[in-house]
Amino acid sequence: QVQLVESGGGSGETGGSLKLSCAASGDIHRRICMGWFRQAPGKEREGVAALDSDGTEVYADDVRGRFAISQDKLKTNLYLKMNGLQIAETGMYYCAAGETVCVGWSREPFLLQPNEYGTWGQGTQVTVSQ
């Protein structure tokens, strides 16, 4: 079983930066893919960024070029560097891990879909103000 713990959330100003971290423990192996998801008030949980098994970075259209996802070699730490923060990006940010999403062909279209992941952290709140 995989356990995930997020940290690094807090308040930020519009245009500012934050870096989120996710510490992973348990059954971490090469067939696990991980990503970041956001649930804003009154909205469904949505994918922000994810890493495919080959290291390919996948981003939501509205954060591409501003956010950067990264991971250490052993997959024990996942990061999300958030630049140019916008008010609409306020929400609870969750780290997630999945196995089925990490196998098979044409994985990228599924990597930002929350229902493809089975393990979730408790989340870290990000609040962006003017």
Side-chain angles (χ1 to χ4, degrees):
Q1 185 173 337
V2 177
Q3 295 82 41
L4 305 172
V5 180
E6 302 95 335
S7 62
S11 60
E13 296 181 351
T14 299
S17 299
L18 287 173
K19 186 176 182 179
L20 308 182
S21 299
C22 172
S25 60
D27 298 329
I28 306 298
H29 52 78
R30 64 190 296 268
R31 295 190 182 275
I32 289 180
C33 289
M34 299 179 67
W36 288 97
F37 298 79
R38 174 181 63 239
Q39 188 156 22
K43 299 182 66 177
E44 296 181 353
R45 189 171 301 184
E46 60 183 357
V48 177
L51 287 171
D52 201 353
S53 58
D54 63 358
T56 300
E57 303 169 22
V58 181
Y59 296 97
D61 290 342
D62 57 356
V63 307
R64 187 177 298 108
R66 294 190 296 110
F67 290 9
I69 188 171
S70 61
Q71 187 175 56
D72 65 2
K73 191 173 183 178
L74 298 178
K75 299 185 177 181
T76 55
N77 292 280
L78 183 74
Y79 306 97
L80 182 67
K81 186 66 170 67
M82 308 166 63
N83 298 317
L85 287 169
Q86 302 173 4
I87 294 177
E89 289 158 357
T90 290
M92 187 73 73
Y93 283 73
Y94 298 90
C95 175
E99 294 188 20
T100 58
V101 72
C102 211
V103 299
W105 296 352
S106 190
R107 296 181 296 275
E108 291 185 16
F110 303 97
L111 287 169
L112 294 180
Q113 297 183 7
N115 58 9
E116 297 289 342
Y117 292 79
T119 301
W120 297 83
Q122 293 185 343
T124 184
Q125 177 68 35
V126 172
T127 302
V128 183
S129 62
Q130 294 180 341

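Atom set for the values below is all heavy atoms of this structure, side chains included, hydrogens, waters and symmetry mates excluded. Remember, it's a predicted structure, so these values are computed and weren't measured experimentally.
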* Side-chain donor/acceptor of Tyr117 to backbone N/O of Leu111, under 3.5 Å -> yes
* Any salt bridge (charged side-chain N to carboxylate O under 4.0 Å, His left out) pairs touching residues 94-108, not counting sequence neighbours? -> Asp52-Arg107
* **Test of ring centre spacing under 6.0 Å for Phe67 and Trp36** => no
* With sequence neighbours excluded, residues passing salt bridge (charged side-chain N to carboxylate O under 4.0 Å, His left out) with Arg31 -> none
* May I ask you to decide if Val2's main-chain N or O and Asp27's side chain share a donor-acceptor pair within less than 3.5 Å? => no
* Check ring pair (Phe, Tyr, Trp, His ring centres under 6.0 Å) between Tyr94 and all other residues, then give those that pass, not counting sequence neighbours. => none
* Summary of salt bridge (charged side-chain N to carboxylate O under 4.0 Å, His left out) pairs that have at least one residue in residues 109-130, sequence neighbours excluded -> none
* Side chain of Glu6, backbone of Gln122: donor and acceptor closer than 3.5 Å? -> yes
* When Ile, Leu, Val, Met, Phe, Trp and Tyr are grouped by side-chain heavy atoms lying under 4.5 Å apart, directly or through other members, which residues fall in the same group as Leu74? -> none
* **Ile87 CD1 to Glu89 CD distance, which is reported to the nearest 0.5 Å** => 10.5 Å
* Asked: Between Cys33 and Ser53, what is the shortest heavy-atom contact and its length?
  -> SG-N, 3.4 Å
* Interatomic spacing from CD1 in Ile28 to CD in Gln3 - rounded to 0.5 Å -> 8.0 Å
* Asked: How many angstroms lie between CD in Glu46 and CD in Gln113, if you round to the nearest 0.5 Å?
  -> 12.5 Å
* To do: Compare all side-chain heavy atoms of Arg66 with those of Gln86 and state whether any distance is below 4.5 angstrom.
  => yes
* Would a distance-only check, ignoring hydrogens and angles, find a side-chain to backbone donor-acceptor pair under 3.5 Å from Glu57 to Leu51? -> no
* Asked: Distance from His29 atom NE2 to Lys75 atom NZ, nearest 0.5 Å?
  -> 8.0 Å
* Asked: Are Val58 and Val48 connected in the hydrophobic side-chain network, where two residues link if heavy atoms are under 4.5 Å apart?
  -> no
* Straight-line distance of Phe37 CZ to Glu44 CD, nearest 0.5 Å -> 13.5 Å
* Under 3.5 Å, is there a donor-acceptor pair between the side chain of Arg64 and the main chain of Tyr59? -> yes
Residues 8-21, side-chain donor-acceptor partners within the protein, below 3.5 Å, at least two apart:
from: Thr14; atom 1: OG1; to: Ser129; atom 2: O; distance (Å): 3.1
from: Ser17; atom 1: OG; to: Asn83; atom 2: OD1; distance (Å): 2.9

* Asked: Hey, does the side chain of Thr90 reach the backbone of Val128 with a donor-acceptor pair shorter than 3.5 angstrom?
  -> yes
* **Hydrophobic cluster identity match, Trp120 and Leu80, side-chain contacts under 4.5 Å** => no
* Are Cys102 and Ile32 close enough, and set up right, to give a side chain to side chain contact (heavy atoms under 4.5 Å, CB included), and what steps lead you there? -> CA-CA 6 Å; Cys102 211; Ile32 289 180; 5.7 Å; no
* To do: Apply side chain to side chain contact (heavy atoms under 4.5 Å, CB included) to Met34 and Leu4, showing your working.
  => CA-CA 10 Å; Met34 299 179 67; Leu4 305 172; 3.7 Å; yes
* **Close side-chain approach of Ile69 and Tyr79, heavy atoms under 4.5 Å** => no
